[in-house]
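One structure is given here, and the rest of the page talks about it.
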Amino acid sequence: MIRLSQMKLPRRTRAGAKPLALPSPVEARDFSRRLRAWYRRHARDLPWRRTRDAYHILVSELMLQQTQVSRVLDFYARFLARFPDLGSLAAAREQQVLAQWRGLGYYARARNLHKLARRVVREEAPRYGGVLPQAPEALRALPGVGAYTAGAVASFAFEQRAALVDTNVARVLQRFFAPHLHPKRARDLTTLWSIAEAVLPRTGRASWTHNQALMELGALVCTARVRHCGRCPLRGECQSATND
DNA sequence: GTCCAGGTTT
DNA sequence: AAACCTGGAC
């Protein structure tokens, strides 16, 4: 239980900055419930949504950062067929890992993934016991894992009650709660993380669905160029919804 | 043909 | 704030 006296509240807003009103618990619950109900009916069936293997989910997240779903499907299957677990990845040579990654681009991430496997399985085995940690802060310390990926693994693999913000999520939250924010600005991005935490449902299990749903809505409905408000489960309360 | 998105690192 | 790398938008 978090005590009121322990909570860190924003001191004061900069002169000229608009005070941020975080969503109230009631707004948050309504938002999340509609979102999750929509997800249960419209979610795509993707392989990384059928597993809770943290390593498999990590691989999918790293690949999805750079590539569209349709192409990741192939690479994901081939990569995991070749390196089914952290141990097999740690045992491989970097060249073999890069060979599997060829065509995806951003090869530094393949190197980081390999480095991560060796660290967890070999170099710091006593510390990690050969398995990925569950807390976002601990995941965040691994090579190639930033704030988004840490949240994704914590939520999607371990069903922790963790927030995550990628561009899809940032866009959805910005449009719904804070149209005046600019997700590309670092400062506003931080604000969107606060909003993401404020709208998380109570349990880790519900947070899994909630986070998947946020990303799915951003990918299928609340897209960057065209917004399909007519099909949006949240249009009633959205601060940016259009009426046609 | 040029521009730009997209997480993490430096 | 720039670099990484590629597909897709313009």
Side-chain angles (χ1 to χ4, degrees), chain A residues 14 44 46 48-49 54-79 86 89 94-120 123-124 128 132-133 135-158 160 162-175 181-197 211-228 240:
Chain A
R14 289 178 30 248
R44 292 168 292 179
L46 302 172
W48 42 87
R49 287 179 173 160
Y55 163 70
H56 290 205
I57 285 168
L58 176 63
V59 169
S60 76
E61 289 300 339
L62 293 173
M63 289 183 170
L64 286 164
Q65 285 173 15
Q66 326 160 43
T67 314
Q68 57 204 100
V69 168
S70 59
R71 222 156 70 86
V72 166
L73 287 170
D74 290 337
F75 283 91
Y76 176 75
R78 266 189 280 126
F79 193 93
L86 269 182
L89 188 63
E94 188 182 83
Q95 279 309 314
Q96 302 176 298
V97 180
L98 288 171
Q100 287 298 313
W101 204 267
R102 196 170 64 201
L104 278 173
Y106 282 98
Y107 299 97
R109 295 178 184 182
R111 289 189 202 96
N112 279 333
L113 176 59
H114 185 230
K115 217 184 296 180
L116 178 156
R118 293 210 157 170
R119 184 176 301 181
V120 170
E123 297 157 16
E124 301 190 35
Y128 291 106
L132 290 167
E137 319 82 64
L139 287 160
R140 180 75 186 68
L142 294 166
V145 179
Y148 164 74
T149 307
V153 173
S155 177
F156 298 148
F158 298 116
Q160 302 275 301
L164 55 88
V165 176
D166 71 345
T167 49
N168 278 334
V169 173
R171 186 174 58 251
V172 171
L173 295 177
Q174 180 264 329
R175 285 178 179 168
L181 294 181
H182 300 273
K184 286 164 193 174
R185 310 283 165 229
R187 198 179 92 248
D188 289 2
L189 224 270
T190 304
T191 302
L192 288 163
W193 273 90
S194 304
I195 295 176
E197 274 154 19
N211 285 327
Q212 293 283 9
L214 268 180
M215 308 228 292
E216 196 73 338
L217 193 75
L220 301 181
V221 175
C222 196
T223 53
R225 29 185 268 289
V226 193
R227 31 180 106 171
H228 306 281
S240 303

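Scope of the values below: all heavy atoms of this structure, side chains included, with no hydrogens, waters or symmetry mates. Proteins come first, then strands; the chains are lettered A, B, ... in the order of their sequence lines, and each starts at number 1.
Closest heavy-atom contact between A:Leu220 and A:His228: O-CD2, 3.8 Å. A:Tyr76 approaches A:His56 most closely through the heavy-atom pair CE1-O, 3.4 Å. Contact record, A:Ala196 with A:Val165: CB-CG2, 3.7 Å, taken as the closest heavy-atom pair.
Across all strands, A:Tyr106 comes closer than 4.0 Å to base atoms (heavy-atom distances). Contacts of A:Ala147 with the nucleic acid, taken as non-hydrogen atoms under 4.0 Å apart, involve only primed sugar atoms and P, OP1 or OP2. Residue-level contact check: A:Leu142 touches the backbone only, with heavy atoms under 4.0 Å from sugar-phosphate atoms and none from bases.
In this structure, the CG atom of A:Leu164 is 15 Å from the C1' atom of B:dG6, given to the nearest Å. When rounded to the nearest whole Å, the span between CD of A:Gln65 and P of B:dC4 equals 22 Å. Whole-Å rounding puts the A:Leu139 CG to B:dG7 P distance at 17 Å. One can place CZ of A:Arg140 at 10 Å from C1' of B:dG7, the figure rounded to the nearest angstrom. Counting to the nearest Å, the C1' atom of B:dG6 and the CE atom of A:Met63 are 16 Å from each other. Computed from coordinates, the A:Leu189 CG to B:dG6 P distance equals 11 Å when rounded to whole Å. The interatomic distance linking A:Asp166 (CG) with B:dG6 (P) rounds to 9 Å, in whole Å. Between the CG atom of A:Leu104 and the P atom of B:dG6 there is a distance of 18 Å, rounded to whole Å.
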Could you walk me through whether A:Asn168 and A:Arg171 pass the side-chain hydrogen bond (donor to acceptor under 3.5 Å, both in side chains) check? CA-CA 5 Å; A:Asn168 278 334; A:Arg171 186 174 58 251; 2.6 Å; yes

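Nearest-nucleotide positions on DNA chain C place A:Ala108 closer to the 5' end than the other of A:Gln68 and A:Ala108. Both A:Arg111 and A:Ser70 lie close to DNA chain C; mapped to their nearest nucleotides by heavy-atom distance, the more 5′-ward contact belongs to A:Arg111.
In this structure, the side chains of A:Leu58 and A:Val145 come closer than 4.5 Å at one or more pairs of heavy atoms.
Proximity of A:Thr149 to the phosphate of B:dT8: a side-chain N or O atom is located under 4.0 Å from OP1 or OP2. For B:dA5, one of the phosphate oxygens OP1 or OP2 lies less than 4.0 angstrom from a side-chain nitrogen or oxygen of A:Lys184.
Taking the 5' to 3' direction, DNA chain C first and last meets chain A under 4.0 angstrom from a heavy atom at C:dC4 to C:dG8.
Under a 3.5 Å cut-off, the side chain of A:Gln174 and the backbone N or O of A:Leu181 do form a donor-acceptor pair.
Taking every side-chain heavy atom of A:Arg109 into account, B:dG7 is the closest of B:dA5, B:dG7, B:dT9.
If you take CG on A:Leu142 and CG on A:Leu132, they are separated by 7.0 Å, rounding to the nearest 0.5 Å.
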